[in-house]
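What follows is a set of notes on a single structure, which appears directly below.
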Amino acid sequence: MPKNEKQFVTEITPRETDFAKWYTDVITKSDMVDYAPIRGCMVMKPYAMSIWELIQKQMDQMFKDTGHQNVAMPMLIPESLLLKEAEHVEGFAPEVAWVTHGGNDLLPERLAIRPTSETLFCTMYAKWVQSWRDLPLLYNQWCSVMRWEKTTRPFLRTAEFWWQEGHTVHATAEEAQEETLKMLGVYRDFHEEVLAMPVLCGLKTDSEKFAGARATYGVESMMQDGKSLQAATSHNFGTNFSEPFEIKFLDKDGTQKFAHETSWGSSTRMIGGLIMTHGDDRGLCIPPRVAPVQAVILPVAQHKEGVLEAARAIADRLKAAGVRVHVDDRDTQSAGWKFNEWEMRGVPVRLEIGPRDIEARCVTFCRRDTLEKGQLSFDGLEQSLADLLVTIQDAMFAKAKAYRDARVRDAVTMEELTEGVQTGFVRAMWCGCPECEGKIKETASATARVMPFEQAKLADTCVVCGKPADKMVVWAKAY
RNA sequence: CUGGGUGUAGCGCAGCUUGGUAGCGUGCUUGAAUGGGGUUCAAGAGGCCGGAGGUUCAAAUCCUCUCACCCAGACCA
């Protein structure tokens, strides 16, 4: 290994040594975020924001394709509104930030900074829904929300975070259930195809359910330390909110009915997920579809005549073909320094172009995911690079999936379960009672992540109490 | 919230035990050479030692209180 290998390790804590430290090292050194002067808040710097914009753009298109429209709700919620759904308040009250003054005057009713917007959507829906002809309402909003969390970590859990929240209203329970599952599917596809993150989909247990929901479904992803990240959730509210908020409509049969609702959300937490899924000891590794820079062009010996011009000509060609490229023409840094920096920032492909390449009419490429090097001819470069980006996207998903699959174990005893969650996910049978679920949390410090749609009968009895069990649950330590 | 740790130059740290006008590495600025995996040399700029109070002739250093951040756990849509 070249001598820089050793120096590199001193800059980013290896994952093996301390995964949490590795994570904070990577996000700060790659210039993604900085800590804000407000407790628990982060600043997304341009590099992280570019990733978020690419996520938004592609996910938003998927929402549009499934018939949804965007709206913008206020960020403040009167306390009385928040109190309308009992379970909901109970779930969120401890972590709400309050606005108590307008200017210098004490407000007659304090206002919550939205921790989520169910109560606002429901209030408006009550006005907007009169007839079965008004349904369904399929709305979404991109915004930030605030939850006064006790412990925070950039992307994974911050006081303020950016997300999207979809809120829909339907005439029937069947339609609401269909919507809930449809959007879960959108999240699954988005994670697997865009973020290259394999996910497990399924139903949440009651204790892991959203405050106020009838049923919560989630997509769970394994990080490289074996812990699970809840990447997105989709809820079926039934009439839990429409009843207190009086979202009623006159149906075809001439009777008043309460509407059925859903909500679904995903956040900047996904960025934390992709970091912990794909990163390595050299830093970030960003899937091409969300990489702000898909190919960085490094002119080598750029002081020599014709090098910079050739690099820029290549960049122009690739830009015209729709590739996100950047020419690093800084003359203040050596080539070697730039190699390492762009690797740390996770750019999928590095293209080197120097006198030798120009003479051979090709560029030297290096893949970030495998560090494999090779040559690409000037002729047809647009297509060969596009192909390479697809190859990398697919390879990253395959690698992450293989990693996860190798760390999913089946358990029929508590010993096996406790041991398994030290390094990954454990599939085990559960009787369905909260006591057994609590016991697993106590002894293995693992929680029920999801009850997968693809069930398997691993045993006839509960892993905890030994009573008959028919639910297969995936257990893991979670973020 | 509980336990542990850390706050000194942009970043990473030493100095504190045994008080005596603040140091190293890196980065930054300027110049020269170098240039295909974190180059080299030279000359510079940069700090109310997290904050408040106290002890003292004198506090980065000792005492009290506070704030922030990090780690482990608890809690948590």
Side-chain angles (χ1 to χ4, degrees), chain A residues 1-13 17-25 28-29 31 34-42 85 87-96 114-118 145-154 156-157 159 161 163 165 204 207-213 216 218 230-235 263-267 269 282-283 298-304 307-308 311 330-344 350-360 363-366 371 373 375 441-442 445 447 477-479:
Chain A
M1 277 280 133
K3 74 174 191 330
N4 68 319
E5 196 69 9
K6 202 179 286 175
Q7 293 172 331
F8 200 86
V9 172
T10 62
E11 289 202 16
I12 296 180
T13 307
T17 310
D18 184 343
F19 195 74
K21 183 74 165 45
W22 169 84
Y23 179 76
T24 37
D25 278 357
T28 53
K29 286 174 188 192
D31 208 28
D34 204 347
Y35 293 92
I38 306 104
R39 168 205 169 82
C41 292
M42 66 168 177
E85 208 288 325
E87 261 185 62
H88 189 66
V89 197
E90 201 182 315
F92 283 103
E95 51 190 44
V96 166
R114 63 184 164 208
T116 178
S117 307
E118 270 74 13
V145 291
M146 177 159 273
R147 299 177 189 178
W148 213 251
E149 302 281 359
K150 286 175 183 133
T151 53
T152 59
R153 299 184 67 190
L156 302 175
R157 175 170 278 113
F161 59 93
W163 77 342
E165 47 179 329
K204 292 276 179 180
S207 69
E208 299 283 325
K209 204 174 62 176
F210 178 82
T216 291
Q230 177 173 292
T233 45
S234 185
H235 318 287
S263 93
W264 24 275
S266 65
S267 72
R269 181 177 240 210
R282 288 173 178 252
L298 292 189
V300 176
Q302 68 182 53
H303 57 287
K304 291 192 178 162
V307 172
L308 219 41
R330 288 175 295 178
D331 57 5
T332 50
Q333 252 66 38
S334 70
W337 195 94
K338 292 179 187 176
F339 289 176
N340 285 290
E341 189 188 39
W342 289 110
E343 274 168 11
M344 180 156 71
R350 177 177 78 234
L351 297 176
E352 301 167 29
I353 179 151
R356 295 207 291 265
D357 302 294
I358 294 170
E359 198 177 337
V363 295
T364 301
F365 76 83
C366 179
L371 300 176
K373 290 184 187 181
Q375 310 282 320
K441 190 167 185 181
E442 211 174 287
S445 61
T447 50
K477 296 188 178 186
Y479 275 97

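So that the names make sense, note that chain A is the first sequence line, chain B the second, and so on, each numbered from 1.
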Between the base of [N] and the side chain of [X], is one N or O donor paired with an acceptor at under 3.5 angstrom?
X: A:D357; N: B:rG36; result: yes
X: A:K29; N: B:rG12; result: no
X: A:E343; N: B:rG37; result: yes

Separation of [X] atom [atom1] from [N] atom [atom2], in whole Å?
X: A:R350; N: B:rG38; atom1: CZ; atom2: C1'; result: 12 Å
X: A:Q333; N: B:rG38; atom1: CD; atom2: P; result: 13 Å
X: A:R330; N: B:rU39; atom1: CZ; atom2: P; result: 12 Å
X: A:I353; N: B:rG35; atom1: CD1; atom2: C1'; result: 17 Å
X: A:W148; N: B:rC1; atom1: CH2; atom2: P; result: 13 Å
X: A:K304; N: B:rG36; atom1: NZ; atom2: P; result: 9 Å
X: A:K373; N: B:rG37; atom1: NZ; atom2: P; result: 7 Å
X: A:F339; N: B:rG35; atom1: CZ; atom2: P; result: 14 Å

Partners of A:T447 by side-chain hydrogen bond (donor to acceptor under 3.5 Å, both in side chains), sequence neighbours excluded?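 With neighbours one apart ignored, the set is A:R449.
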
My understanding is that only residues two or more places apart in sequence, or in another chain, count here; which of them pass side-chain hydrogen bond (donor to acceptor under 3.5 Å, both in side chains) with A:W22?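 In terms of side-chain hydrogen bond (donor to acceptor under 3.5 Å, both in side chains), with neighbours along the sequence ignored, A:W22 is linked to no residue.
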
Taking atom CD as the centre, does A:Q375 end up with more than 12 heavy-atom neighbours from other residues, nucleotides or ligands that are less than 6.0 angstrom away?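 For A:Q375, atom CD is crowded (more than 12 foreign heavy atoms under 6.0 Å).
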
Spacing of the [atom1] atoms in [M] and [N] (rounded, Å):
N: B:rA59; M: B:rA22; atom1: C1'; answer: 13 Å
N: B:rG15; M: B:rC62; atom1: P; answer: 12 Å
N: B:rG47; M: B:rC1; atom1: C1'; answer: 36 Å
N: B:rU26; M: B:rA42; atom1: P; answer: 12 Å
N: B:rC76; M: B:rC67; atom1: P; answer: 25 Å
N: B:rA32; M: B:rG36; atom1: C1'; answer: 23 Å
N: B:rC69; M: B:rG37; atom1: C1'; answer: 35 Å
N: B:rG46; M: B:rU66; atom1: C1'; answer: 30 Å

Please identify each residue that fulfils salt bridge (Lys or Arg N to Asp or Glu O under 4.0 Å) with A:E95, with sequence neighbours left out.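 A:E95 satisfies salt bridge (Lys or Arg N to Asp or Glu O under 4.0 Å) with no residue once adjacent residues are dropped.
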
Please determine, for the side chain of A:A301, which listed nucleotide (B:rG35, B:rU39, B:rG37) has the closest atom?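 Nearest nucleotide to the side chain: B:rG35.
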
A:W337 has a side chain; which of B:rG37, B:rG38, B:rG36 sits nearest to it?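 Closest of the options to the side chain of A:W337: B:rG38.
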
State the pairing partner of [N]; accept Watson-Crick or G-U wobble contacts with both distances under 3.5 Å, and report none otherwise.
N: B:rU29; answer: B:rA43
N: B:rC62; answer: B:rG54
N: B:rC76; answer: none
N: B:rG7; answer: B:rC67
N: B:rU21; answer: none

Between A:R330 and A:E341, does any side-chain N to carboxylate O distance fall below 4.0 Å?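 Looking at A:R330 and A:E341, the cut-off is met.
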
Residues two or more places apart in sequence or in another chain: which of them pass ring pair (Phe, Tyr, Trp, His ring centres under 6.0 Å) with A:Y23?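 Result, ring pair (Phe, Tyr, Trp, His ring centres under 6.0 Å) vs A:Y23: none returned.
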
With sequence neighbours left out, what residues match A:W264 under ring pair (Phe, Tyr, Trp, His ring centres under 6.0 Å)?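 A:W264: ring pair (Phe, Tyr, Trp, His ring centres under 6.0 Å) contacts with A:F63, A:H68.
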
With a non-hydrogen cut-off below 4.0 angstrom, is [X] in contact with a base, only sugar-phosphate, or nothing?
X: A:P115; answer: nothing
X: A:T364; answer: base
X: A:T116; answer: nothing

I need the A:R350 CZ to A:F365 CZ distance, nearest 0.5 Å.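 A:R350 CZ to A:F365 CZ: 11.0 Å, rounded to 0.5 Å.
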
Using a cut-off of 4.0 Å between protein heavy atoms and nucleotide atoms, how would you tag nucleotides 68-77 of chain B 5' to 3' with B, S and -? -SS--BBSBB

Look at the side chain of A:T216 and the backbone N and O of A:F210, then say whether any donor-acceptor pair between them is shorter than 3.5 Å.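 Yes, A:T216 side chain to A:F210 backbone: donor-acceptor pair under 3.5 Å.
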
